[in-house]
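Encoded as structure tokens, the structure appears first; notes follow it.
Below, all heavy atoms of this structure are taken into account, side chains as well, without hydrogens, waters or symmetry copies.
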Amino acid sequence: MGENSEWVTPGEVLGKASKFKAGRGAYVSPDKLTVYASLTGSRRILSPPRGSPDQRPTVEVTGHKAHGAIPEPGSVVIARVTKVMERMASADILCLGTKSVREKFSGIIRLQDVRATEIDKVDMLSSFRPGDIVRAHVLSLGDARAYYLSTAKNELGVISAQSAASGETMVPISWTEMQCPRTGQIEQRKVAKVGG
């Protein structure tokens with residue numbers, strides 16, 4: 001369809017959602033108006049299958065190398081917290097669902113996205129620490145090429161953390177606390193509900 005060689009980067013507009021469906025390496029904005037690129041590569045437009053009720057062509061981005069799983073808004077990821085600040089925490093995305101990611105993707109958990117209730121009482125340093133492994137929901141592709149992540153559901157939050165005192169893997173004892181099995185020391189976290 002002519003526009004198969006344009007080079008795009010994450011966050012670039014690929015077209016209007018009224019004219020295109022989002023394929024691999026692309027996603028539709030939360031307002032359902034625009035299709036954006038979610039990785040660096042070539043923009044390709046694919047004709048709709050013959051007889052398909054939706055006759056919009058599909059726009060996709062194919063990377064310069066074979067790519068694995070790519071985080072998209074709505075997907076659940078596993079990430080390692082790298083830095084905690086007063087208003088946000090940075091994280092490296094390790095897995096998308098059950099698949100590990102091949103490329104490096106960064107995420108940001110903003111203060112307002114830590115939990116669904118009592119947002120004004122959230123303390124980032126009591127929610128996460130560097131090295132924590134968290135389960136989070138991808139909200140959108142944010143600024144500076146980092147995804148905005150949320151832990152504002154019961155099943156989202158810290159799933160594994162090391163004790164500051166002993167280095168042991170801690171055990172969750174409540175929604176907001178984890179305990180070192182060796183020392184008994186309790187540390188604050190935004191704990192994910194595990195299991196049913």
Side-chain angles (χ1 to χ4, degrees), residues 10-11 27-32 36 38-39 68-196:
Y27 67 94
V28 178
S29 61
D31 62 12
K32 308 269 191 263
Y36 291 98
S38 64
L39 72 153
I70 300 163
E72 293 180 356
S75 48
V76 174
V77 297
I78 304 297
R80 178 183 289 115
V81 176
T82 55
K83 187 175 181 182
V84 180
M85 294 155 275
E86 192 176 323
R87 302 197 54 77
M88 67 180 199
S90 300
D92 288 337
I93 297 173
L94 307 173
C95 298
L96 173 58
T98 58
K99 296 179 182 173
S100 64
V101 293
R102 291 186 195 171
E103 298 177 47
K104 183 179 176 187
F105 296 105
S106 297
I108 294 172
I109 305 169
R110 299 172 297 183
L111 187 70
Q112 66 266 33
D113 298 324
V114 172
R115 62 181 188 216
T117 58
E118 298 181 324
I119 296 168
D120 55 324
K121 295 181 181 175
V122 173
D123 176 7
M124 292 304 284
L125 295 171
S126 294
S127 301
F128 308 106
R129 299 272 171 85
D132 287 358
I133 305 297
V134 297
R135 182 184 300 120
H137 174 87
V138 178
L139 293 175
S140 66
L141 181 64
D143 58 1
R145 304 290 188 248
Y147 288 88
Y148 283 143
L149 306 177
S150 169
T151 57
K153 288 185 179 174
N154 289 345
E155 65 274 16
L156 304 175
V158 177
I159 56 174
S160 178
Q162 307 294 308
S163 166
S166 68
E168 291 277 322
T169 300
M170 294 192 293
V171 179
I173 56 171
S174 75
W175 296 107
T176 59
E177 295 174 323
M178 296 184 98
Q179 185 174 30
C180 174
R182 185 188 297 171
T183 65
Q185 182 174 335
I186 293 173
E187 294 183 25
Q188 300 292 305
R189 293 293 196 283
K190 192 297 184 184
V191 180
K193 178 182 179 184
V194 180

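Residues Ser106 and Asp92 form a side-chain contact, since some pair of their non-hydrogen atoms from C-beta on lies under 4.5 Å apart. In this structure, Phe128 and Thr151 have side chains that are in contact, with non-hydrogen atoms separated by less than 4.5 Å. Considering only heavy atoms from C-beta on, Leu141 comes within 4.5 Å of Tyr27 through its side chain. Residues Gln162 and Thr169 have side chains in contact (heavy-atom distance under 4.5 Å, counting atoms from C-beta outward). Residues Tyr147 and Pro10 have side chains not in contact (no heavy-atom distance under 4.5 Å, counting atoms from C-beta outward). Proximity of Leu139 to Arg110: side-chain heavy atoms (C-beta onward) are separated by under 4.5 Å at one or more points. No side-chain heavy atom of Asp113 sits under 4.5 Å from any side-chain heavy atom of Leu149. By the 4.5 Å heavy-atom criterion applied to side chains, Ile109 and Val134 are counted as neighbours.
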Under the criterion side chain to side chain contact (heavy atoms under 4.5 Å, CB included), I'd like the reasoning laid out for Met124 against Val114: C-alpha separation, chi angles, the key distance, then a yes or no. CA-CA 8 Å; Met124 292 304 284; Val114 172; 3.5 Å; yes
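Residues Val81 and Ala89 approach most closely at CG1-CB, 4.4 Å, considering heavy atoms. Closest heavy-atom contact between Ile119 and Gln112: CG2-CA, 3.7 Å. Between Pro181 and Met170, the shortest heavy-atom contact is CD-CA, 4.2 Å. Arg115 approaches Lys190 most closely through the heavy-atom pair CB-CE, 4.3 Å. When all heavy atoms of Ser166 and Thr183 are compared, the closest pair comes out as CB-CG2, 4.1 Å. Closest approach of Arg135 and Ala192 over heavy atoms only: NH1-CB, 4.1 Å.
At a threshold of 4.0 Å, the pair Asp132-Arg129 does not count as salt-bridged, since none of the basic side-chain nitrogens sits closer than that to a carboxylate oxygen.
Note that the CD atom of Gln188 and the CD atom of Glu177 stand 5.0 Å from one another [nearest 0.5 Å].
Side chain of Glu187 to main chain of Met178: no donor-acceptor pair is present (N/O by atom type, distance under 3.5 Å, no hydrogens or angles).
In terms of the side chain to side chain donor-acceptor pair (under 3.5 Å) criterion, Gln185 has no residue partners (sequence neighbours excluded).
Between Leu111 and the options Val122, Asp123, Asp120, a side-chain contact (heavy atoms from CB on, under 4.5 Å) holds for only Val122.
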